[in-house]
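Residue numbers start from 1 in every chain, and the chains themselves are labelled A, B, ... in the order their sequence lines are given, proteins ahead of strands. Owing to the predicted nature of the structure, the values given are computational and were not obtained by experimental measurement.
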Amino acid sequence: MNLGSRVAGSMSLPGSTANRKSGEVLEFPAGLRVLVVDDDPTCLTILEKMLRTCRYEVTKTNRAEVALTLLRENKNGFDIVISDVHMPDMDGFKLLERVGLEMDLPVIMMSADDSKNVVMKGVTHGACDYLIKPVRIEALKNIWQHVVRKKKNEWKDFEQSSSWDEGDRQQRQDDAVSSPANEGSWKNSKRKGEDEADEEKEDSATLKKPRVVWSVELHQQFVAAVNQLGIDKAVPKKILELMNVPGLTRENVASHLQVPFLSQRGLIVDKDLSFRYPSPLPLCSINVDLNFQYVMQKYRLYLRRLSGVSQHQCGLNSSFLPQDSGFGAMSSLGGLDLQALAATGQISAQTIAAYSRMTPTIKPGVSMPFVDQRNLFSFENSKLRYGEGQQQQLGNVNKQMNLLHGIPTIMEPKQLGGLSQSAQTLGGMNMQVSAPSSHQNNSLLMQMIPPQSRGQSLNESLGSHVPQIQTSIGQSMQSNGNNTGVLSRNGLAYNPVSQATPPGADFSVNQISDLPGTGFPIGSTPGVTSITSKRLNQGEVTSDMKVTRGYAPNYDVFNELQQHKSQDWQLENPGMTFGSSSQHATQLQGGVNVAPSVLVNQSYVPDQRNEHSGNALTGKPMFSAGLENQHMGMMNPNQNLNGGLVDIPPRVKTERVSDVISPGSNLFSEHYGQEDLMSALLKQQEGIASGEFDFDGYTLDNIPV
Amino acid sequence: MRCLFKLGHVRRWGFNSASSRALPVLGSPSLNWASEYKFYHLHAEILIALRDGDRKKEYLGYLDEQFIQLEELQDDDSPNFVEEVVNSYYSDSARLIRIIDQALEKRAIDFDKLDDYMHQFKGSCSSVGAKRVVDECSQFREYCAARSAEGCIKTFEIIKHEHALLRKKLEAYFQLVNSAGTM
């Protein structure tokens, strides 16, 4: 067979535009630039030959790191990536994620393994196709469809989205893009976090328009234009002219310049997939915002993919857990939750942000907490503390919970026990709480929410509740300060319920009433956790809560989050604001979110999870973010749930928690709502807050692959 | 296709082998590969494939359709493609075999790792179409899953045997092909 002329004899350098006018639409399928990664040399040779036969331009490498470098250095040099799943230096799925996030190229996975879980994993990680080895040439002949499809979708989005708010951006962009070549516009990541929060809020608020989506094609045109002008002279105006794309504004171009796509001016993506802005670049608000949005979008997409599996099975979960080298287990959980939640629109951006923050910190081990939490929820058969109505809700919630995938199933009561040991458990508890049912880690939010919504779908409840909660929480938060706020918000649930209220009975009622405006109901109820758990019913909290809670170590996050304004974030753009929200809003949200979820957890627990420690479960979910660590008590709530709200001694203190957790007593009631607990938690959070969440750059590491 | 043509040449030139069958003429280059083809059973006893019409018959030989795919890839730009691939396969698989042997010799066998290695090995074998070896690899993986050291060891011996056997046959095959080509 004869190779296409452009391929014959050429080594198909990535990004070479010698044969092709840069910027012009690719002529499919010939000339498609493929990057093949496989550690098996035989297979690599065969693939290369097959692709050449298809008249594609092939670049091959047997190392994933080399592949990433190639991709980064030739930002526009490839159209599609084909990667083996099983590679010694990097897991294929990890590579898949990175490519998807950083370069947004279609990635095809290959493996000799055709077992369903691996294929599913590929799907959930965002692979656009999965080939079983030995690969036939017929399968490769059609890979161009993925490139076209992606571009088509991007273009569709692009066309649909209106151009950005020109007025707002105009001036900022002018400043920012005065010299695209220099990185002056980039701001230090640290600072960015704060600014972004504001900015993003603003932008989100004002913009409310879909962003311009830079499709591969569009981007190529952009890059071609930039290349033509020369980096130094590539000003948005000229680029725009060269690109000659209808509907594209100078602002779009200007902001795209800032987009991390272009490595020389942008975000640095570390090995562990954390994004950083090179410091110390002054950060123009618009740039930060744009980048942030862009990054968050990517992250969101990633998470969305992860959460897409929500229904999945333990298998998946487990895979998430152990692996996550990049992204902590939590993140997967969190990510999932958030995404799921976000997907449902329930989760506020903040929550997600909180979540995302949390995820980085979460180490694989941490994921446990999540699971536990889930268990907490699940255990509830008693679910009911809330009474029948709630039970229904729970049911709903459970379903919803499935949004979270992964971890929960894995967590078993034993985990809970383990969790209790550490502060983490608190966090975990929360998480778990969220996943009442089975297996999935439904985000705490989910869990929490259901209680509220009697019979409503989780989403609904979330939707309705969340907003409420947020506001109320916000208020209470503010009044109380961060720490308490979290709890208090949730407060809904906390106080009243905690005490030995009969299962179900307390929860619903008490909590809600407490919430509005009350600082911490916690005080009244034992342990903060109670708040969450109890009130979870409200469901409102859940969404928020979820995020924060899951990770014990996340306290910090929450603290951080709370500090930020976050309010705006809520609900803003759940998906997007993930990053941003986490930064600012999250804090607030985090607290809030946590609480609800925590509360929810309690309510939830009902079913499933009873298997494990029963009580232990209850305790957990209840915790809101902050509480987690300390709150062993939180966990109690879950426990309580199981047994019905047993009265848990009000001391929600950590010691208690441990008690609770292990014996599975009804710590539930006790832990909640303790004011000191809250503060303790908060303190802890702060202490913990370390830079894990460092959103400087959107730490996407820890995202489970 | 080309190889077959070469085989056809060999056949036409009176390459007689006791085991060769009176197969229909294949040597014509205009043979429609896709529809129906048969491979000659070479003296070297490499029965590559037997396909009848639209139905794919059970592959009886040492190699399967993947090998045919490789042959189809061979062209003027890479005239020795199949042989190069096979050589690459053998050197890489020799390494894996060594690793697996070592892993099996340990007192405490790590089955997960073993499964991992075998997965790689199997992938490699399937890329060249080494059917019998691949089948044994699947068996090996089952034993790994069952944590049966004995099963693994026994199966691996079979794998090694098949692997070596195939190598001999392929060597002979290439000799034929190359010599046919030079004729």
Problem - A/Met110 vs A/Asp38 side-chain heavy atoms within contact, under 4.5 Å - result: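 A/Met110 vs A/Asp38: side chains touch.
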Exercise for the section: Look at B/Val86, B/Val85, B/Val134, B/Asp116 and state which one has the largest set of heavy-atom pairs under 4.5 Å with chain A. Expected result: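 Highest number of heavy-atom pairs under 4.5 Å: B/Asp116.
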Exercise for the section: Flag the one option from B/Gly129, B/Ser124, B/Ser91 with the top tally of heavy-atom pairs under 4.5 Å to chain A. Expected result: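 Counting heavy-atom pairs under 4.5 Å, the top option is B/Ser124.
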Practice task
Please flag which part of B/Asn87 lies under 4.5 Å from any non-hydrogen atom of chain A: side chain, backbone, both or neither.
Solution key: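 For B/Asn87, neither part sits under 4.5 Å from chain A.
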Problem - Presence of salt bridge, B/Arg132 and B/Asp135, under 4.0 angstrom - result: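 Salt bridge absent between B/Asp135 and B/Arg132.
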Practice task
Side chain from CB out, backbone as N, CA, C, O: work out which of these in A/Asp84 comes under 4.5 Å of a heavy atom of chain B, or both, or neither.
Solution key: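 Interface part for A/Asp84: neither.
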Practice task
Please work out whether the ring planes of B/Phe67 and B/Phe174 are parallel, tilted or perpendicular, with thresholds of 30° and 60°.
Solution key: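 Ring orientation, 0 to 90° scale: tilted.
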Handout entry: Pairs of heavy atoms under 4.5 Å with chain B: top-ranked of A/Leu47, A/Asp113, A/Ile46, A/Val135
Key =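 Highest number of pairs under 4.5 Å: A/Ile46.
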Exercise for the section: Kindly indicate whether a cation-pi arrangement holds for A/Lys49 with B/Phe81, taking the cut-offs as under 6.0 Å to the six-membered ring centre and within 45° of the axis. Expected result: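 Yes, A/Lys49 lies over the aromatic ring of B/Phe81.
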Practice task
Count the heavy atoms belonging to other residues, nucleotides or ligands that lie under 6.0 Å from CD of A/Glu138, then report whether that count exceeds 12.
Solution key: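 Result for CD/A/Glu138: enclosed.
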